[in-house]
Each structure stands twice: as C-alpha cells, then as structure tokens.
Student: 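Starting off with a structure, shown below.
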Amino acid sequence: MSIIENHQTHGAPFSDSPKLTARNVGVYYGDKQAIFDVSLDIGANEVIALIGPSGCGKSTFLRCLNRMNDTIDICRVTGDIELDKENIYDPKMDVVPLRARVGMVFQKPNPFPKSIYDNIAYGPRIHGLAHSRVELDEIVEKSLQRAGLWSEVKDRLHAPGTGLSGGQQQRLCIARTIAVDPEVILMDEPCSALDPIATAKIEELIDELRENYTIAIVTHSMQQAARVSQRTAYFHLGQLIEVNPTDQVFTTPEHALTEAYITGRFG
Amino acid sequence: MTNTSMTTREKVEHSMKRRRAAESRFRLYGMASVLFGLLCLVVLFGDILSKGGSAFTQTFIETEIQLDGDYLGLDASSSDQDVRNANFSGLVKKHFRAMVNPDGRKERRQLYSLISAGAAWQLQSEVIADRSLIGSSLRIDLLADDDVDQWFKHDRGHEGEHSRLSELQLQWLNTWVDEGALKTRFNTRFFTNGDSREPELAGIHGAIKGTFLTLLVTFLLSFPIGVAAAIYLEEFAPKNKITEFVEININNLAAVPSITFGLLGLAIFINIFGVARSTPLVGGLVLTLMTLPTIIISGRAAIKAVPPSIREAAFGLGASKMQVVFHHVLPLALPGMLTGTIIGMAQALGETAPLLMIGMVAFVVDVPGFINDPSTVLPVQIFLWSDSPERAFTERTSGAIIVLLGFLIVMNTAAVMLRRRLERRW
Ligand SMILES: Nc1ncnc2c1ncn2[C@@H]1O[C@H](COP(=O)(O)OP(=O)(O)OP(=O)(O)O)[C@@H](O)[C@H]1O
Ligand SMILES: [Mg+2]
C-alpha cells in the first residue's frame, strides 16, 4: 500500500456551518510527511469521527486543530486551519487562548497528581474564569455533573484524582476540559483504556455534550463511531480518503479503501 | 497435539530450573555485596568511634584554690580589665607548688606542664562572672594538660616506655588519682572552642560555624542557579549545537577533580575579584562551582522523569509554557532536585582539597561571625589535626570525623524525609 497520487477526498468533506475548517493541511515530522493535503470542515455542534488504520495520522491531524503539535519540536504544519474564520496558525495567534477554546481529551487518562477539585479548577484558575471561591466551586460542580462524575466523587473532592478508576479518571479529564468552557473538544481514543460500561457512559456523555460543543473524536471502534458521530472521516496513510454522514460510511462507503477498512479487511 | 504441548511444558519446566537458579544466584550476589558494604561501614564506624569517642571527655583536676586578692592585685571593685590583666597563671602555679612542693626549677617545670594553660582562664572567667569570689577559696575542676588527659584516659596502669610523663610526674598524678582529684567530664570545650595549639583547648565550634556559613553560601548560590539552569536547559533552550556543547561541558565539569575548582577560585575570586581569602564566602563560591553540575544534572533527570502526559494535559488546557513548568513539572521534579541538591551539599560538606587552595587551611582561633570572617571548615580542621603530632589531636581528629559523619547522616536523613514528604502528596 502506498499513498494515492492526485487523490481527491470522496464524499462531503465540507460543511455549511463550519466551526473548524482545514484546507490543504500537510504535517511533517522532520523529513517524514505524516499528513497529505487534507481539507476538512468540522461543523458546529456536530460530532465527527476520525477513523482509519493505526499510524494513518488521525492523532496527528487532531493535534493540529489546537496546535498541540507545537509541543513536538520536529513537527511542522502547512496549509490553513481556521477556527470561526480565524487562522489558528497565524503568527499573531496565541496558542493559550486557542487551547482554551479547543480543548483536548487524551487516549490515556492523565489527571494531574492533585485533588479531584484542583484538577477541575486548574483550567478556570489559569484563565481567570472564576472571581470567587464560590464561583469556582460552582464551575467544579457543574463540570463534574456534566461529565457524570459528580455523584461518584462529591464526597471526596479533595482526594487525589489519580486514585480514581480508569473510567472515572477519563471522565475527570473530560470534566477538566469542559471546565474551561471550550467551543470544540478533541478526543483522541478516549475510551481505548476503558471497559464497556465506562465506555457507554462516555458515549452517552458525548451525545449530551453535542448540544453545546463541537466534537472531533478519534476512535478505533467502528461501533463507537456509528453510535456517537454524525459524520465520519476515513484516513489512510496520511490521506483523507472519504468523509460522509456516518450511516452512509458504514452502509454504502464510496471508496474502496473505506469499504476494505470497515469490513475488516485491514486495520 | 497433547504430545507437543507436553514437550513445550517440559521445555518451560526445564528452562524454569535454569531461570530460578540464575535468580537465586543473582540474589546471592546482591546480598553478598550489600553485606560487604555493611561490613566496611561497621569497621569504619567501629574504628572511628573507638578512637574518637574519648575526644568527647576531658580530664580535670579537682582542687580547692585560694583566690588571693593581694596576690592577684584585685578586690571586689576591680574592673574586668584589671581581672584580665591579673596573674592567674601565677596563682595556679603557686597553688600547685604548695600542693606537691617540687624541688628546683626542673621539677617545678614538670609540675606546671601537668596543668593546662586554660586553667588560668577558667579562674579568670569565674572571677569576671562573680567578683565576690576574690579572697575566698573556690572548689573547681581545672583543665589538665593533654598529656595528663591521654595518660588518665588511656595509659594508666600500663604505661609504656613511650610515656611522655616522667617518673616524678606519674608519682604526683597517682597521688591525685588516689585522692580522687583526677576525673573526666564531658568535653564541652570541644564544641564551644575554636582551634587551639593546645589540644585540651581545641574545639570544633569554629569549624562547624565555618562549615555552616560555607554551606549556606553554597546552597544559596547553587540551588537557585542549578535549578534555573536545569529548567532552562530542559524546557526552554533550543536544541542546537550550542546547547549540546553546554550540556557536554556540564557533564565534564561534574568529573573535574575538585582541587581544580580550588585553583580556579584562587585565580578568579581571590586574584581577580579580590574576595578575601580563607572566608566562608570564597569557600562557598568555590564549592558552588563544584556542586552546580551535580544539581543541574540531577535536576534535569528529575525534570525528564516527569511524565509527558502531565505536560500534555496542562498544555491541552491552555496553560502557557511557564505555567506548565511552574505548576506541574517543577512540583513533580522538586523531590528529585532536592535529593540531588542534598547529595551535592553532602559532597561539599566533605570537600577539603579545593578549600586548601583558597586559604581555608589557615590556623583560625576565632569563631567566624559572618561569611567574610576568616574561618576553616570541618574536613579541613580534620586534615589539620590529623597532621599534628600530639596524641590528643589524633583523638580529636576522630572526634571531629564522628561529628562530620553525624552531620552527613543528618543531611541524608533529611533528604530522604523531605523526599517522602514531598512525594506523599500522591
Ligand atoms: N512525535 C512523532 N515523531 C515522529 N513521527 C511521529 C510522531 N508522532 C507520530 N508520528 C508518525 O506519524 C504517523 C501518524 O501517526 P499518528 O500518531 O497520527 O497515527 P494514528 O492514526 O493516531 O495511529 P493510532 O491509531 O495508532 O493512534 C505515524 O507514521 C507515526 O510514526
Ligand atoms: Mg493515535
């Protein structure tokens, strides 16, 4: 398998009400190109699933959207990415407010080695979102409630966040992301370390969050993509092969590679 | 099918035997080396304690002495200055002459040499504290000379040919022993006095204070500089040839013989910048040079050990580089950094060679008050005493080593406890 010459993304990569627009994005790790000429819109208040075989560049693309790739020295991004028509790779763009607007949940739960409360309160604190202790308490409670964790931890807010179970930790990380009230949430395989029950909880949560947030989720689980997303984008070796409404991708894929992947012929 | 699985299991069984043997062999090696280390430690401590323990006691001659106001030329209204000028040493001599009636100058000299020069100072300070003692008789333990001290503590009953005491002196001493006048007491002077030519008056107070001041300077300079350098190199510095060069040279510095730092300190701090020699300030500066690489290297290792997922989490929330470093990386790296710092400080505590180069080897009687007073440090004091011929100094050498080891143990325990405290925040 090699990359396809002159490939045009199949399906409908563009949206009428885009929140994020990526145009001709290329990503390089040193000399090695990981993403080739990807153009994709992420619509407001939609959940878009990014799927594809391991190493195809899903995480890399996702991390472009809040410039997390900046933290990797050798990583270089070309093309344009706009958030609400604002170029996020503009030299004048400050990544700090950008990341407050585009939050991220990682594959492995990574709570800070602090209390549950402080985990949630950290973002609001550094961004100055709360002006009093009471306000901060409110944000913490609201975020934990939205992440469906409040009832489980309300009696031990000052216990270490690292002492929670894996699924609880991941919901804590989601709550932490919600706490800064982002517009977009990027999730990189948020359920890969979780059992089916915890996964179901998080999928439910994603569905609820869609009302207020735009969500891009990377997943290896086709069922998960089918359950939570409205559109699905299929990546292959750094190229965006096909983007279509999720139902359509899983029933009548346009591209042969997509079909091969969802029918399990490789992946 | 079963057959192949059986053979596989047998193979595993067979290899288990070898693996278990290798494991127990390795455990044995480990235990043996730990045991060897412990044994060395026991021998070292045993030797030093057996030699140095007696440095903590001192022999005194208990006597009742008449503070003759006429002889001293003092009365109840004399000023401190008068008391200082008074001839207490003559009084002590007169007192002991009256006790044993020596015959002729030679015998008198032998008698006087049994009593420390410090005896007169003892009387003097008693009188300075309380003028009403003048004219009365005072019961006091007077400091014995170091030869007497050594004899009383170690040689009594089995004097060799090498005894530094004459027949006559031994005769006097034995009568005093019979009268119960000779006794040992805790040697407070060892902890309250500075250095002295007289072993019975020599103490480590000056050296301890000097060590404390020197390490204070070292810590105040090397910790912030070292931590800042570690953070900068690890987190902010661009990865290019220059930083690589800096990095290699920091590692090189850690391996430079410490005496070189002493020469450097002499050339730069003393000769160019004119910092006073023999002071804790210049000592601290030199030890800072020596400690910095240790702190930087351990600091960088501690920073590297912070899981990248924590950084990602903070960046993902929109923390700035500074916030990531100071809110997350540094608190997690601090226990490691502190351990490195204390190890570096413990090295500095025991360091002698570079300090010899910058004049801290001078004979300093006065206890230093501040970082710009001439002083010495414990290891150099040990070095100085170990060079002295008097047996009493040999004993004090070991005594000072015990104190130094004590400090080391305290510092290392503090390091471990600090680490635990900081790490226990989960
Ligand atoms: N930090 C990095 N440095 C160099 N190359 C990298 C780095 N991260 C990713 N890559 C390369 O970029 C390509 C895409 O990686 P990426 O992590 O985006 O894949 P992915 O689709 O997320 O895979 P997975 O499903 O296994 O997570 C891979 O070939 C990978 O080797
Ligand atoms: Mg990935």
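Computed from a predicted structure; not experimentally measured. In what follows, chains carry the letters A, B, and so on, assigned in the order in which the sequence lines appear, proteins first and then strands, with residues in each chain numbered from 1. Atoms considered below: every heavy atom in the structure, side chains included; atoms not considered: hydrogens, waters and symmetry mates.
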Student: Under 4.5 Å from any heavy atom of chain B, what part of A:R63 do you find: side chain, backbone, both or neither?
Tutor: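 Side chain only.
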Student: Considering residues at least two apart in sequence or located in another chain, which fulfil the side-chain hydrogen bond (donor to acceptor under 3.5 Å, both in side chains) criterion with A:D188?
Tutor: A:S59
Student: Just checking B:F212: does its CZ atom have more than 12 heavy atoms from other residues, nucleotides or ligands closer to it than 6.0 angstrom?
Tutor: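 No, the 6.0 Å shell around CZ holds no more than 12 heavy atoms from other groups.
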Student: Only pairs of heavy atoms separated by less than 4.5 Å count here; which of A:D73, A:D70, A:N110 has the most with chain B?
Tutor: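 Max contact count across the listed options: A:N110.
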Student: Does any backbone or side-chain atom of B:K239 lie under 4.5 Å from a heavy atom of chain A? Answer side chain, backbone, both or neither.
Tutor: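 For B:K239, the contact with chain A is made by the side chain alone.
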Student: Considering only heavy atoms, give the residues of residues 288-318 of chain B separated from chain A by less than 4.5 Å, sorted numerically, with 'none' for an empty result.
Tutor: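 If one takes a 4.5 Å heavy-atom cut-off, the residues of residues 288-318 of chain B near chain A are B:S309, B:I310, B:E312, B:A313, B:A314, B:F315, B:G316, B:L317, B:G318.
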Student: For the NZ atom on A:K108, are there more than 12 heavy atoms of other groups (residues, nucleotides or ligands in this structure) within a distance under 6.0 Å?
Tutor: no
Student: So with a 6.0 Å cut-off around CG of B:N252, is the heavy-atom count from everything else above 12?
Tutor: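 Count over threshold, so yes.
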Student: Which region of A:P111, side chain (C-beta onward) or backbone (N, CA, C, O), has a non-hydrogen atom less than 4.5 Å from a non-hydrogen atom of chain B, or is it both or neither?
Tutor: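 The backbone, not the side chain.
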Student: Does a side-chain heavy-atom distance below 4.5 Å link A:R125 with B:Q323?
Tutor: no
Student: Against chain B, label A:V96 side chain, backbone, both or neither, depending on which of its atoms sit under 4.5 Å from a heavy atom there.
Tutor: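 A:V96 touches chain B through backbone and side-chain heavy atoms alike.
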Student: Check whether more than 12 heavy atoms from other residues, nucleotides or ligands sit under 6.0 Å from atom CG of B:L41, and answer yes or no.
Tutor: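 Yes, because the 6.0 Å sphere around CG of B:L41 holds more than 12 heavy atoms from other groups.
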Student: Nearest 0.5 Å, what's the CD1-CE distance between A:I126 and B:M322?
Tutor: 13.0 Å
Student: Strictly under 6.0 Å, is that where the ring centroids of B:H327 and A:F112 end up?
Tutor: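 Between A:F112 and B:H327, which both carry aromatic rings, the centre distance is not below 6.0 Å.
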